Amino acid sequence: NSSRSDISGSNFYELSRSLYNLFNENQGDIRRGPGVGTNIIDGTSKVEPFYESIGDYRSKDILVINKYPGNTAQDDPLLNDFFIFRLGEMYMIKAEALVGKGNINGSSNSAAVTMRRFRQLRGAGTAQIIYADATAAWADILKERRRELALEGHRWLDIKRLGQKAGGLGVDRYSRDCEQYNSCTLAPTSYKFTLPIPTSEIIANRNISGQQNTGY
């Protein structure tokens, strides 16, 4: 947005429906909103319960991003702190490492127990987690990273890193969010996850003359 994180703040982007629905899987999740502070959408959002069938979807279902509401103490809506290191990501990095070592279920220090502890901290469920296999564990970690690290610039690389391990999970947008340009899906194996080398660089560097990344 150009001025503040509410529906009158001249919004450039809004939250995707698929991501919002992912938060709604767990009603007690402190990250879901609408509300204030660290909640994912602002309380002024238009959350349309019949979003799948309503006619004017784009103007009647507006999910205003509130993850970066500004510094309310100093009345500065354009001043935000950005996460560099956070405990939540450490839980998921640990879970990734445990799956990679084959420690998926069972022990008190398994990937399943690690993910359960993290979800308890977020109010996102206390049920015991048992993964069917490593693919299921990767998929769950990828999903939780999407929730916890939303709008922080991780998702593209996460799909590239973990999408194949998670059973081929790629970009998956809600159909009405992407129908205008028909850009709803992208497989994790797509060459588009690596950007092309700019022509200016190829011209300027004789060592890569005539080269280009696959697909371009």
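Note that this is a predicted model, so its numbers are computed, not measured.
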Exercise for the section: Give the minimum heavy-atom separation between R31 and F23, together with the two atoms involved. Expected result: CB-CE2, 3.5 Å

Completion exercise
F83 and E152 have their tightest heavy-atom pair at CD1-OE2, 3.5 Å

Exercise for the section: Please check if atom CZ in F50 has more than 12 non-hydrogen atoms from other residues, nucleotides or ligands closer than 6.0 Å. Expected result: no

Practice task
To the nearest 0.5 angstrom, please state how far the CG atom of D81 sits from the CG atom of N71.
Solution key: 7.5 Å

Exercise for the section: Scan residues 172-196 for pairs that pass salt bridge (Lys or Arg N to Asp or Glu O under 4.0 Å), counting only residues two or more places apart or in two chains. Expected result: none

Exercise for the section: Assess whether side chain to side chain contact (heavy atoms under 4.5 Å, CB included) is satisfied between R145 and E89, documenting all intermediate values. Expected result: CA-CA 8 Å; R145 284 184 65 87; E89 188 178 12; 3.4 Å; yes

Practice task
Kindly compute the distance separating SG (C184) from CG (L186), expressed to the nearest 0.5 Å.
Solution key: 11.5 Å

Handout entry: Same cluster (ILVMFWY, side-chain, under 4.5 Å), I159 and L162
Key = no

Problem - Donor-acceptor pair, side chain of K60 and main chain of I54, under 3.5 angstrom - result: no

Handout entry: Closest non-hydrogen atom pair, I197 against Q212
Key = N-OE1, 2.7 Å

Completion exercise
Heavy-atom nearest pair, M115 first then A95, reads SD-CB, 3.8 Å

Handout entry: Linked, directly or transitively: L157 and F82 (ILVMFWY side chains, under 4.5 Å)
Key = no

Completion exercise
OG (S5) and CG (N66) are apart, to the nearest 0.5 Å, by 4.0 Å

Handout entry: Flag side-chain contact, heavy atom, 4.5 Å: V47 against I41
Key = yes

Handout entry: Side-chain heavy-atom pair K165, V99 within 4.5 angstrom cut-off
Key = no

Practice task
Verify, without hydrogens or angle tests, whether T44 (side chain) and I7 (backbone) share a donor-acceptor contact under 3.5 angstrom.
Solution key: yes

Problem - 4.5 Å side-chain heavy-atom contact, F118 and E148 - result: yes

Exercise for the section: Tell me whether W156 is reachable from L142 by hopping between hydrophobic residues (I, L, V, M, F, W, Y) whose side-chain heavy atoms are closer than 4.5 Å. Expected result: no

Problem - L98 reachable from M92 in the ILVMFWY side-chain graph, under 4.5 Å edges - result: no

Practice task
Answer yes or no: is there a side-chain heavy-atom contact under 4.5 Å between S2 and F12?
Solution key: yes

Exercise for the section: Measure the shortest side-chain to side-chain distance between L151 and L15 over non-hydrogen atoms and say whether it is less than 4.5 angstrom. Expected result: yes

Handout entry: D158: which of R161, K160, R155 passes side chain to side chain donor-acceptor pair (under 3.5 Å)
Key = R161

Fill in the blank from the handout: Between the CG atom in N213 and the CZ atom in F193, the distance rounded to the nearest 0.5 Å is 14.5 Å

Practice task
Give every residue pair that meets the side-chain hydrogen bond (donor to acceptor under 3.5 Å, both in side chains) criterion with at least one member in residues 107-120, sequence neighbours excluded.
Solution key: K94-N109, N103-S107, R119-D140, R119-E144

Exercise for the section: Indicate yes or no: at least one non-hydrogen side-chain atom of R122 is less than 4.5 angstrom from one of N26. Expected result: no

Exercise for the section: Following the transitive rule for hydrophobic clusters with a side-chain heavy-atom cut-off under 4.5 Å over Ile, Leu, Val, Met, Phe, Trp and Tyr, establish whether Y68 and L78 coincide in one cluster. Expected result: no

Fill in the blank from the handout: Rounded to the nearest 0.5 angstrom, the SG-CZ distance for C178 and R17 is 14.0 Å

Practice task
May I ask you to decide if the ring planes of Y216 and Y191 are parallel, tilted or perpendicular, using 30° and 60° as cut-offs?
Solution key: perpendicular

Handout entry: CZ (R86) with more than 12 external heavy atoms under 6.0 Å
Key = yes

Exercise for the section: Measure from the side-chain N and O atoms of D42 to the backbone N and O of S45, and report whether any donor-acceptor pair falls under 3.5 Å. Expected result: no

Practice task
Output the distance between atom OH (Y131) and atom CD1 (I141), rounded to the nearest 0.5 Å.
Solution key: 5.5 Å

Handout entry: D29 side chain vs G123 backbone, donor-acceptor pair below 3.5 Å
Key = no

Completion exercise
S8 and S3 have their tightest heavy-atom pair at O-OG, 4.4 Å

Problem - 4.5 Å side-chain heavy-atom contact, L22 and E25 - result: yes

Exercise for the section: Before giving the answer on side chain to side chain contact (heavy atoms under 4.5 Å, CB included), spell out for E96 and W138 the whole-Å C-alpha distance, their side-chain angles and the decisive distance to 0.1 Å. Expected result: CA-CA 7 Å; E96 277 191 49; W138 291 123; 3.8 Å; yes

Handout entry: Test item: Q164 and T189 side chains (from C-beta on) under 4.5 Å apart, heavy atoms
Key = yes

Practice task
Please confirm whether Y20 and Y51 have ring centers closer than 6.0 angstrom.
Solution key: no

